[in-house]
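To keep things clear, I will list the structure first and then write my remarks on it.
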Amino acid sequence: MLTLKYITENTDEVIARLAKKHFDGKEPIGKVVELDSKRKKTQAQLDACLSEINQLSRQVGDLYKQGKTEEANTLKTKTAELKEASKDFSASMDAIETEITDILLTIPNMPNPSVPEGVGAADNIVERMGGVIPEMVVDALPHWELAKKYDLIDFELGVKISGAGFPVYKGQGARLQRALINFFLDEAREAGYTEIMPPTVVNAASGYGTGQLPDKEGQMYHCNLDDLYLIPTAEVPVTNIYRDVILTEQELPIKNCAYTQCFRREAGSYGKDVRGLNRLHEFSKIEIVRIDTPEHSYQSLDEMIAHVENLVNKLELPYRILRLCGGDMSFTSAITFDFEVFSSAQKRWLEVSSVSNFESYQANRLKCRYRVDKKTALCHTLNGSALALPRIVAALLENNQTLEGIRIPKALVPYTGFDMIK
RNA sequence: GGAAAGGUGGUAGAGUGGUCGAUUACAGCGGUCUUGAAAACCGCCGUACCGCAAGGUACCGGGGGUUCGAAUCCCUCCCUUUCCGCCA
């Protein structure tokens, strides 16, 4: 969430910038500013009250020590009404603070000035494109047909074991998964990321820390008995490492990567877009996460984009990078770049990565800070997929199909141990 | 699942009703000394809110209670550790 201080000190600017996200901030922000001044007044009264009680208590103690019991008893009665008053003040203080937090949670992050105007996917800007869209053989098959033809992925078997959206990878299909995971992790390590293997089940506090809760509660699988959530992305456990942590400037930027299975309920999204590997309930993803200073975070973002671009290049996939417009960005993001690869048989662009800078929005919830001089300041947090497997696999299968089989890109062959799927 | 112990500042670890936001040690930072380093010695060394400032307030796992006054007593919830059982 945005910080109270920034909102009260830059009220008009905040409202203006939020407009790009099509969020009308006038009312909630006006309310927050009003509540904040109320909060300050109330605290002053509360503090004065408590201060007096503390003083009286000290006097009572002294009097007892001196054996002046009667005087002490008289003083005691004085504190009774002060205590009543302090209870009232502290109750309204709690109420005000709760109200402020509740409103703050409904206010999205402000887009960076370089985010384009727009309402939806059609308004995103293509930053650049790369790779070559291949000539397709006649009767090119979509990946779900190829998966069946070469016995790589069994969707029906997944339905039997778990349900729709939980495919079973087999033989060369399974080995391709493992190869991609290792390839992505090795690339990340070479780029200076520390590999993390986090839990894939997290508590509610972690869900709140990165912002999945309370907003997207319905999108996560929840284990009722233990009140734990299956992670929708490694971002959750890996970023929460730094919840309630004060870092030193020398430790920044922190660069972590992690491979995990990701679990998403995807409630309400059915139809042709979910065919095959296009949208799953469980999938593999390698995530890169960075924690940085505000001064350096945009350079970090550029490096992350370059890292992902390098990956799709090495996989020889045709891709494009989109600068998301204000209307298409997530609630918590300040700026987002999506990577899409072209899946030549489906003739569709598939999103395979989303790289975002959250600036201090997420860090404020996490209370992830670093020390500057003698004070503390909020860090910037960033993350990006590098990469999510299913749609990469979809594009690899479709784009590289030949009459002899499916060709494996050179960079991947050392990992798969085969250069053709037959 | 059964039993026990315990949750205090970066870490270790004191503190059982009254200048305790908290002894001390280690780590860290600054300095003296040294050609440099080590050692020794001196100083600093939690977070947040309110306030122009002086200063005030809160926080010793969370919440509630007793009391003039609570890290310290009571209730409750959560968590961790150890032992036993089960098990990859």
Side-chain angles (χ1 to χ4, degrees), chain A residues 1-9 32-104 197-209 213-214 222-229 237 240-252 254 261 291 360 363-379:
Chain A
M1 54 189 178
L2 297 175
T3 63
L4 226 200
K5 200 172 172 202
Y6 195 86
I7 290 177
T8 53
E9 286 173 4
V32 162
V33 171
E34 180 195 321
L35 284 167
D36 186 51
S37 70
K38 221 163 127 189
R39 180 187 126 259
K40 289 180 181 176
K41 270 184 214 139
T42 309
Q43 186 176 344
Q45 291 170 305
L46 209 209
D47 284 358
C49 197
L50 290 173
S51 177
E52 206 167 329
I53 291 176
N54 287 342
Q55 266 181 31
L56 284 172
S57 302
R58 248 167 272 157
Q59 285 174 28
V60 171
D62 287 343
L63 289 173
Y64 272 126
K65 263 184 207 156
Q66 295 164 27
K68 298 178 180 166
T69 319
E70 261 180 52
E71 285 177 55
N73 288 337
T74 335
L75 262 190
K76 270 196 210 177
T77 57
K78 280 181 73 177
T79 57
E81 57 186 277
L82 278 172
K83 217 182 161 183
E84 278 307 306
S86 83
K87 271 186 181 166
D88 289 348
F89 286 134
S90 116
S92 56
M93 193 68 183
D94 285 350
I96 291 167
E97 281 178 339
T98 306
E99 203 179 339
I100 290 174
T101 306
D102 287 349
I103 296 172
L104 287 181
M197 191 177 278
T200 42
V201 177
V202 296
N203 56 30
S206 294
Y208 280 99
L213 294 174
H222 181 232
C223 310
N224 267 317
L225 225 46
D226 300 291
D227 194 21
L228 294 169
Y229 296 85
N240 269 283
I241 292 172
Y242 305 96
R243 170 155 47 91
D244 295 320
V245 167
I246 300 175
L247 298 152
T248 63
E249 204 164 352
Q250 298 81 48
E251 293 175 273
L252 301 173
I254 280 165
Q261 290 297 89
I291 316 275
S360 61
N364 188 31
R365 274 211 207 182
L366 286 165
K367 292 286 168 281
C368 173
R369 291 159 292 175
Y370 72 108
R371 219 171 280 285
V372 218
D373 302 322
K374 297 238 162 164
K375 304 186 96 176
T376 65
L378 291 170
C379 296

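We name chains A, B, ... by the order of the sequence lines, and we start the count at 1 in each one. When reading the values below, keep in mind they use all heavy atoms of this one structure, side chains included, and skip hydrogens, waters and symmetry mates. None of these values were measured; they are calculated from a predicted model.
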* Asked: B:A88 and B:A3: how far apart are their P atoms, nearest whole angstrom?
  -> 25 Å
* Among B:G18, B:G56, B:U47, the one nearest A:Thr376 by side-chain distance -> B:U47
* Structure fact -> In whole angstroms, the gap separating P of B:U57 from CE of A:Met93 amounts to 15 Å
* Asked: With sugar-phosphate meaning primed atoms plus P, OP1 and OP2, does A:Lys78 contact a base, only sugar-phosphate, or nothing at under 4.0 Å between heavy atoms?
  -> nothing
* Asked: Got a sec: does the NZ of A:Lys367 have more than 12 other heavy atoms crowding it under 6.0 Å?
  -> yes
* **Under 3.5 Å on both distances, the Watson-Crick or G-U partner of B:C60** => none
* Asked: Which is true for A:Leu46 with a 4.0 Å heavy-atom rule: it touches a base, it touches only sugar-phosphate, or it touches nothing?
  -> nothing
* Asked: What nucleic acid atoms does A:Thr77 come within less than 4.0 Å of, heavy atoms only: base, sugar-phosphate, or nothing?
  -> nothing
* When rounded to the nearest Å, what value does the distance between P atoms of B:G10 and B:U23 take? -> 14 Å
* Asked: Separation of A:Asp244 atom CG from B:A48 atom P, in whole Å?
  -> 12 Å
* Applying a 3.5 Å limit to both distances, which nucleotide forms a Watson-Crick or G-U wobble pair with B:U81? -> B:A4
* Classify the nucleic acid contact of A:Leu75 as base, sugar-phosphate or nothing, counting any heavy atom under 4.0 Å across all strands shown. => nothing
* Just how far, in rounded Å, is P of B:C78 from CG of A:Asp227? -> 11 Å
* B:G69 - base-pair partner by Watson-Crick or wobble geometry, distances under 3.5 Å -> none
* Tell me, yes or no, whether the heavy-atom count around A:Gln66 atom CD, taken from other residues, nucleotides or ligands under 6.0 Å, exceeds 12. => yes
* Asked: Expressed as a whole number of Å, how far does the P atom of B:U66 sit from that of B:G7?
  -> 25 Å
* Pick the C1' atom in B:A48 and in B:G9, then give their distance to the nearest Å. => 14 Å
* What nucleotide among B:U47, B:C68, B:G69 has an atom nearest to a side-chain atom of A:Lys83? -> B:G69
* Is there side-chain contact between A:Ser57 and A:Ile53, with at least one heavy-atom pair below 4.5 Å? -> yes
* Asked: Is any side-chain N or O of A:Asn54 closer than 4.0 Å to OP1 or OP2 of B:C68?
  -> no
* **Closest to the A:Arg371 side chain, choosing from B:C68, B:C50, B:G46** => B:G46
* Partner of B:G55 by Watson-Crick or G-U wobble geometry, both contacts under 3.5 Å, or none? -> B:C50
* To do: Please state the P separation for the pair B:U11 and B:A27 - nearest whole angstrom.
  => 16 Å
* Asked: Does A:Ser51 make a side-chain N or O approach to OP1 or OP2 of B:G56 shorter than 4.0 Å?
  -> no
* Any side-chain N or O of A:Arg369 under 4.0 Å from OP1/OP2 of B:G46? -> no
* Asked: Does the side chain of A:Arg39 get closer than 4.0 angstrom to OP1 or OP2 of B:C50 through an N or O atom?
  -> yes
* First encountered from the 5' end of RNA chain B, between A:Leu56 and A:Asp94 -> A:Asp94
* To do: Provide the distance between the two C1' atoms, one in B:C26 and one in B:A14, to the nearest whole Å.
  => 15 Å
* Residue whose closest nucleotide on RNA chain B lies nearer the 5' end, A:Lys65 versus A:Lys5 -> A:Lys65
* Length of the line joining A:Arg58:CZ and B:A70:P, which is rounded to integer Å -> 12 Å
* For A:Tyr64 and B:U19, give me the distance from atom OH to atom P, rounded to whole Å. => 17 Å
* A:Leu247 has an atom CG; how far is it from atom C1' of B:G10, in whole Å? -> 12 Å
* To do: Between B:U24 and B:G15, how far apart are the P atoms? Round to whole Å, please.
  => 15 Å
* To do: Go ahead and name the base partner of B:G28; Watson-Crick or wobble counts if both distances stay under 3.5 Å, otherwise write none.
  => B:C44
* **Validation row: A:Asn240, A:Val202 side chains within 4.5 angstrom (heavy atoms)** => no
* If we only count heavy atoms from C-beta on, is the A:Cys368 to A:Val245 side-chain gap below 4.5 Å? -> no
* Asked: How about A:Asn73 and A:Lys76: do any of their side-chain heavy atoms sit closer than 4.5 Å?
  -> yes
* To do: Determine the Euclidean distance between corresponding P atoms of B:G85 and B:C79; express it in Å to zero decimal places.
  => 24 Å
* Asked: Choosing from B:A58, B:G56, B:C68, which nucleotide comes nearest the side chain of A:Gln43?
  -> B:G56
* To do: Scan side-chain atoms only and decide if A:Ser206 and A:Asn203 contain a donor-acceptor pair under the 3.5 Å cut-off.
  => yes
* Asked: How close or far is atom C1' of B:C68 from atom CD of A:Glu81, stated in whole angstroms?
  -> 14 Å
* To do: Could you state the atom-to-atom distance from CG of A:Asp47 to P of B:G56 in whole Å?
  => 11 Å
* Asked: Under 3.5 Å, is there a donor-acceptor pair between the side chain of A:Thr79 and the main chain of A:Leu75?
  -> no
